[in-house]
Structures are given as structure tokens and as C-alpha cells.
Colleague: 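Let me begin by handing over the structure; questions about it come next.
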Amino acid sequence: MEQKKNILSVKNLSVSFKMYDKGLEQKDLKVISNLNISVQEGEILAIAGSSGSGKSLLASAILGILPNNASVDGIMTYCGMELTEELQKKLRGKEIALVPQSVAYLDPLMHVGSQVVGVRGTLEKMRTAFKRYELSKEVETMYPFQLSGGMARRILLSTAVIGDARLIVADEPTPGLSKEMAKDAMGHLRTLADEGRGIILITHDIDLAFEYADRVAVFYAGTTVETAPVEDFRNGPESLRHPYSKALWEALPQNGFKPIPGTQPYAGSLPEGCLFWPRCPVRTEACMKGEIPSRSLRGGEVCCIHAT
Amino acid sequence: MKKMNRRTKTVMLVIIIAGILLIISAAGLLMNPALYEPNYAAKKLPPCAAHWFGTDYLGRDMFCRTIKGLSNSIMLGTMAAVFSAFMALFLGIVSASVGGRADKIISYFVDLVMGVPHMVLLMLISFSLGKGLKGVVIGVALTHWPNLTRVIRGEVLQVKNMQYVKASKKFGKSNFQIACHHIIPHVMPQFLVGLLLLFPHAILHEAGVTFLGFGLSVDTPAIGIILSESLKHISTGMWWLVFFPGIMLVAVVMLFDKLGDNVKLLIDPSSAQE
Amino acid sequence: MLLEAKNITFSYTKKKTILDNVSLGIEKGERVALVGPSGCGKSTLSQILAGYMKPDKGEVYFDGKLLPEKGYCPVQLIYQHPEKAINPRWKLGRTLTEAWEPDQELLDDMGIEKEWLTRYPIELSGGEMQRFCIARAMGPDTKFVIADEMTTMLDVITQAQIWELLLHIVDKRNLGMLVVTHNPLLAERICTRVIEFDKM
């Protein structure tokens, strides 16, 4: 397989928030730690994990729109350049685009056409984007509340394609859509990827991730526990590397519906060592201390000393 | 020393402001009346070491009179604001939770009172009640409830439709139980901030209506009386009679406003983590 | 017929009717799933079945009688967003005992830990909060449970955990159940009968 160019790579990212503890004391709360992902040209990387695993925060960190009381550590590189705050500011909405969850992200009092043009686009570009998504001319002068669900999806997509985005972050793009519409939306993302863009698909709908992504990164308690080609997730637990990924697979209604006990730990009371050890069926003494490094295994990445 | 974080600073500020206001009201309340009695030996003195704010044409010490007047205003404001705020709480909750005709009637009165200029209504009420303390307190109280009523009505309407309130109903809870356990605690922060922000209004309007002669009687040391008396003497060059009491009134009003804003910063969840 | 909806019609605005003459009956001992895409009116129907809203036309019968409007409702609804079904200002112990006093056995069945009782909702995850919502709704007078997209917002492991717990209690107490979901695989897994919403 030829080596494709990395669009974005994130290494050892950590994000912490300054929060008030009891009364007037402030403390740092680490919500993302030791997180690694990379996106290549033409691929959809799905990020799967439960709420509280840090998925949406990662999106904010990439776009540089974290709230003021957050601090970021680690290295993010975009097409070989370090992704600094200034670069984020320059690229945001242009080369790095966000496809938000719903029309609630649009200004309800503005025609969608002019919103898609935004500050950087032009009328022509907007028209091309609309044509591409089969949006008629009347749609330009509609208000967000007049859009049907499917139209809304296509509008949100056209905001992303208008600025020649090379990296698209799609945050939970399908909840609330019917199966056909979800398929349609994912089809559009697929086409955008096939044109050479990198796409990060954030979702808690694992079935969706399994169906459309090229690779899947599994998040747990603010870190990546496994990144693997999607075929491995389709094949089942034997092909998977991390015990948490296996547990996810086995908990799906179609594959056994078997839960493992316990809950994801909270930021602020994370266990020592591997974050998953308290729930892990194959843990040993060695899992409970020290940092567990990410390593390559059978064409994927995994954070587990026992994975084979 | 560690740098103070925002919440600590806000709490400190709230304590300091509340302290200043408490000291002023206590000082006025406990003050020996002899301190602001006429003293014909010391008439029309400009500000000096013995009389910080000078004395007036009867030789009364203006500093003591001002403090006493402010203290009176704060007391009065407290009474009127508390009365007004509770009225707003009651009407707001009734309006939103009973709905229907009660809501329409209350909303009509809100619009009615808001539509008439405060001062005019206040003068009318105070005058018809025979002026004096009673007239001012009731007048101020009856003119200041509509804004807060609206806010509370909106809050209640919102919380009333929350899933947990609806669920509570299906657990067989009565409307009264729901109001006590879910609704009132929910509007409490809004209520407290609204109450604090009513103070400056109440005080200014009290001073205003008194200044115009529809409020407290001439012999009470109230800021409004002091200002209206002093205006007559300003042409004779006794500037200090107006200047200091005026400045102090503005300062107290601004302190209350700041207090309200800071308490809001602490209570409001959207700014609580800053 | 344990729970029966007869000719329910409902609309939020005059223009669009969400439910048009919908009828539905659930027998004793059945576990029925109602499947359809979001926005089609499933949630509205479940709110009507649980007595949260009144239909424009039609009636809901429970055990042959009209659903009571006042007092404890024998049909209890578990909602999609647990954080909205719990008063954010209350400690969870208070929320748990709002409707009745659950015994230790139920808390163990639901996997509710003692220390959670003294916490505020914001300090718990969605799955943990959902356990409280379920336990709260399991009073002795509850005869029927409607789960409206109960686990849609949860990850698959928590979803499997919650369903395992709830089904255990439903079986033990022989409760009726309606599961509203957009996920046909989930419906098939847990229910004895699946109704597709658009074919009703």
C-alpha cells in the first residue's frame, strides 16, 4: 500500500480544565491524557467512545475553540506544520472545517445562503456547493427553521466544502436522522473523503462507525485505547486488540448484548496505570502502575501490554 | 501569596460592600440624635476637620445628617424592596402555575404598572396614603414588582415543563408539593438577585419622591429632604450642602448595584467556573 | 388488554398532525417494541400513553379503566435524557426517594452504590443517572413501564448493563413493557413483539 500523506496527527495530547473544587479552591482537572490519532488524505477516521471519553473536546482542541479555563499540552501537526494557535485561527473555517450536529448551530435570523457564504466564501462558490448537493436556488433565501432534515444536513455540509477544507471534523452528524438520511449523509462524507480530504467522524453510534469509516479510534476516559482498520471491527473480537474494544463489540445488541461490569472512571479520579484495568478481564499486576505506551500491533495501534 | 482567583475576589467584594452598607445603616440607627441637632454657634461652616461635610444654616452637622439620612433610606429601601420582591415571587408563581385567567389578569397589571411612569404612580400612591413613611414604603413597594414578576413568571414556565416536574406529577405529587420542592428552589437565585437589584431603585425613588415633597415629612433627616432644603442655599455659595449628600447617595446606590451584579456572577452557572 | 390506546390523534400545531388516529394494544406478559425513525411521533405517543400529555382525540385505557389523571400513575415513563428527568439541585438520594422508599434489594438490583446518594446529578454519568430514574419509577404501584429511547444517549456497554438490570426487575415483578427505540436490532433483542411505527 502506498504511503498516504498525513493531514493531521495528534501526539500525546492532554487537555485540562481549571475547575472550582470545594468553596474557593481551584484545581486542574485532566480530561484528556496521552491521546494519539492521525488522519490521512482520503480517509474517514471514526472516533468512537462513550460520552465523557473526550471525543467532543478533541474536536474543540483541533479547531482551537476550547473554553478559556482549558489548557492544552502535546503536539498537533497539520500537513507537517505545527498546529499553533495562530495557525488554527488562520485555518479554522477554511482548511479545517466543522460540520456541526444540527441546524441549531446556524443563525436562525439569517438566510442560509449568506450564512454558507460566510466571511470567506463567495456567491459563486456557494452556488457551486449548492448545486453539488442538489439544493435549489430558493433554498438560498430560506431561514434555518424552514429546512427539512435532509436539506439541513446538506446545508451544513456545504458550509464545509465551500472553503476548500482539507480536514473536516463531523461531530455526531447522524442522530435524529432516519436510516436513509443517515446513509445519505455518510455517503456525502465518503465522497468528500474520496476527493482527498481527511475526515474525522465523531460518533457514539458504533454501528455507523463500523459501516462507513476506514479506521476507527476507540476512546476511553480521555485517551485512545485502540486504533484499528475498520475490517477488524467487522470481524469481531478475535481481530481486535484492546479488551475494551472487544467488550464494546460484545455489548452490541446484535452480538450478544453482554455488558462488562463497572463504569468509565471520571476525570479527577482516574486509576493509576492503564485506565481500563479496574474493568479489565485480563488485567495483571503490571497493568496497575506506570504509563502504558501506545504500540503498533497487526496494522493498528493499541495501549495494552497484554494485547496480541 | 497565591494570586486570588475570580471567585475569591468576587466573594471578598461582596463581603466588603455588604459590610460598608451594614456599617452605614447601623451607624445611622445607633447615632445619638444630639449629633445632628441645631447648633447655632456653628452655622454655615464649610467642610473642616470638626465638620467633614460642613454645617447648614441651623448649624447641623452635615456628615451626621447624611449618614442618618442614608441609613433611613437603606431601611426604607429594604422594607420596600423585600415587600416588592415577595409580591413578585408570589404573583410570578401564581401567574405561571395557575395560568389561564389568573395569568391574564396578573400580566395585565404588570403591563399597567409598567406603562405608567414610576415617579408619577409613586407620587399618587404616597399622596393618597397621606405621605410620610407609610406612603413612601407602600408607594415604592407597589411600583417595583412588575419587572421581577415577569422574570419569575418566565422561569416558572420553563421549569414547569421540565421532565422532572412532569414526572413528579405522575408520582402523585400535588401542585403545592411541586411548587415547594421543585419550583421555588429553582427561582430562588433569580429572586435573590432581583431583590438586591431592587434596592438601588427603591432608594433612588424614595429620595426622589421625598425631594419632590410627596414623601417623608420635613423634620426627618432623609436624603431627599436634605437635598431639597439645600438647593435653596446653593445660590448663596453653600455648595457642600448639596455636594456631599448627593455624592453619598450615588455611592450607596452604586454599591448596591455592584453587590447585586457580583452575587449574580457567583450564582449564575454560566459564569460560575471563571 | 393491559394498556390500550384507542384512536389517538394529536398535533402540536394546526398544520401538521403528528399522530393521526393511532390505536395500539398491549397484552399482559408481552414486551412490545415500537420502532421508527426519530421525529415520527414515537415520543409523543409514549408521553400520551404515560399520561404526560392529553391527546386531542382518543383515550388511553389501563387494565380496562381510563388512565388516572391524578395520583400515582401505574404507567411510568423512563425518558431519553436522564439529566432532564432529575432535578439538578437535588442530591440523588432525595431524587431516589421522591416517589417511594426503594429497599436495599432494588438498589442492589439496579447497581446503585451508596456513595452516589450524596452526590449531585452533575457528578454522575448518564448511565448512573438513568439507574436512578429507573429505580425511582419502580414503586409498588407501578404496573407498566415505557422506555422511551432509554439508552440512546448511552454507550453500548452501559446500554447492555441497563437493559440487563431493567429486564431482570421487569421479569421479577411481572410488569408490562413498551420499548420505544430507533434501533431495530435492540428491539429484536429484548422484545416479544415489534411494531413498526409507520405501519400503524
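Naming convention: chains lettered A, B, ... in sequence-line order (proteins, then strands); numbering from 1 in each chain.
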Colleague: Non-hydrogen atoms of chain A under 4.5 Å away: do they reach the side chain of C:Glu188, the backbone, both or neither?
Modeller: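 No part of it gets close to chain A.
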
Colleague: Write down the atom of A:Pro259, the atom of C:Glu164, and the distance for their closest heavy-atom approach.
Modeller: CG-OE1, 3.5 Å

Colleague: Under 4.5 Å heavy-atom distance to chain A, tell me which part of C:Leu124 shows up: side chain, backbone, both or neither.
Modeller: both

Colleague: Over all heavy atoms of both residues, which pair between A:Pro253 and C:Gln159 is shortest? Give the atoms and the distance, please.
Modeller: CG-NE2, 3.6 Å

Colleague: Can you tell me how far the CG atom of C:Asp155 sits from the OH atom of A:Tyr220, to the nearest 0.5 Å?
Modeller: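 Rounded to the nearest 0.5 Å, the CG-OH separation comes out at 9.0 Å.
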
Colleague: Which atom pair, heavy atoms only, marks the closest approach of A:Ala251 to C:Ala160?
Modeller: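 A:Ala251 and C:Ala160 have their closest heavy atoms at O-CB, 3.9 Å.
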
Colleague: With a cut-off of 6.0 Å (strictly less than), are more than 12 heavy atoms of other residues, nucleotides or ligands near CD of A:Glu134?
Modeller: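 Atom CD in A:Glu134 is not crowded, with 12 or fewer foreign heavy atoms closer than 6.0 Å.
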
Colleague: More than 12 heavy atoms of other residues, nucleotides or ligands under 6.0 Å from NZ of C:Lys172: is that the case?
Modeller: yes

Colleague: Name the region of C:Thr158, side chain, backbone, both or neither, that has any atom closer than 4.5 Å to a heavy atom of chain A.
Modeller: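 No part of it gets close to chain A.
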
Colleague: Counting only heavy atoms closer than 4.5 Å, note whether C:Ile162 contacts chain A via side chain, backbone, both or neither.
Modeller: neither

Colleague: Any heavy-atom pair between the side chains of C:Ile157 and A:Arg279 that's under 4.5 Å?
Modeller: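 Yes. Closest side-chain heavy atoms under 4.5 Å.
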
Colleague: Check this for me: A:Asn68, atom CG, are more than 12 non-hydrogen atoms of other residues, nucleotides or ligands nearer than 6.0 Å?
Modeller: no

Colleague: Go through the atoms of A:Ile260 and report whether side chain, backbone, both or neither lie under 4.5 Å from a heavy atom of chain C.
Modeller: both

Colleague: Decide if atom CD1 of C:Ile122 counts as having more than 12 heavy atoms of other residues, nucleotides or ligands within a radius under 6.0 Å.
Modeller: no

Colleague: Quick check for you: to the nearest 0.5 Å, what is the distance between C:Leu185 atom CG and A:Leu252 atom CG?
Modeller: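 If I round to the nearest 0.5 Å, the distance is 8.5 Å.
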
